[in-house]
Amino acid sequence: MFTQLEQFVTMAQQGGPKRVAVAAAANALVLRSIKQAQTQGLIEPLLVGRADDIREAAAGAGLDFDDDQIVPTETTAESASRAVALVREGAADILMKGHLHTDTFLHAVLQAEVGLRTDRLLSHVFVMEIPMYHKLLLITDAAINIFPDMVQKAAIIQNAVDMLVQLGVEQPKVAALSAVETINPKIPSTVDAACLHKMSERGQIRGALVDGPMAFDNAISAEAAREKGMVSPVAGDVDIVLVPDLDAGNILYKNLEYLANARIAGIVMGARAPIVLTSRSDPPQARVHSLALANLICTYGDACFA
Ligand code: COD
């Protein structure tokens, strides 16, 4: 059972560094986390972007990178598509977003012929280390799929389950979240959650125990579930929460991060390789932990070319 994000670092170090293509790398914050992950033996970076800007940002941050670690491009869009191409060509194992807008980055990832799409849905998984919870909690999808339908929600759950299974967690417990734990057709997420529960029972979602609809308190606290007369193996011991949509997920993870001192990591699953999609406001440690997680998916998953 994982209780701390630092466990990812220790485990990843055993499998050796993985090659990371960083799109639009010319930024001190990005380069600092890259250097830290490199020093810790997690990655070998390929810094994609304007070469002068990368050297200037590195020098400004007191960091040194070899010339052969820089892949020169002119525009930001070009740096995104070049970084994606490096992964497609097998020159990098992991893709990372540097200092560019999420839509420019994802546009390059989602390109039909030259992107990193597979036959699976791409979805994001946050891994939260929350001081008041007894294990790491996964939140999905709080970063890519804006308003997923039920079939997409099943794919989003499957991506997160596969991630935990690849990391050695047997039969992760999943809560399909809503505002209430009874089915109310006026709250569509309750209906989706009930279907996802049944889909899991019938093998349409594999390798997990899915319950729903569950309110967040019932998922996190066995006592809260008991008070509501709810009997569920997921209650109080949930590994993965599926949020109804991107807004709910985004508010939930930021709430935990800013008001409950949670630490975060996160990657995109379902692509040809793991993708690190941290945002500008994330602390450097979140990037390092995300890279450690991506490294582990390369080692233990089937996501990588290498
Ligand atoms: N997985 C696989 N293929 C996808 C996915 C996905 N999640 N999303 C779209 N596609 C495919 C479509 O089937 C289509 O073929 C092509 O990509 C383009 O699809 P569109 O036109 O729906 O895609 P976009 O460009 O309008 O939107 C895709 C985004 C992922 C950019 C969009 O969903 C988005 O903006 N998400 C929110 C990102 C964000 O701002 N996050 C904030 C926190 S970091």
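Remember, it's 1-based here, ligands and their atoms both numbered in the order they're listed. Residues: numbered from 1 along the sequence shown. Atoms considered below: every heavy atom in the structure, side chains included; atoms not considered: hydrogens, waters and symmetry mates.
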Open item on the list: Centroid separation under 6.0 Å, is that true for the rings of F126 and H124?
Closed with: yes

Regarding [X] and [Y], does a basic nitrogen lie under 4.0 Å from an acidic carboxylate oxygen?
{"X": "R82", "Y": "E74", "result": "no"}
{"X": "D217", "Y": "K228", "result": "yes"}
{"X": "K135", "Y": "D237", "result": "yes"}

TODO: Tell me the residues surrounding ligand 1, counting only those with a heavy atom closer than 4.0 angstrom, sorted by chain and number.
DONE: T102, L106, L110, R117, L121, L122, A143, I144, N145, I146

- [ ] Output the distance between atom NZ (K153) and atom CG (L121), rounded to the nearest 0.5 Å.
- [x] 13.0 Å

Task: Close side-chain approach of T102 and K97, heavy atoms under 4.5 Å - done: yes

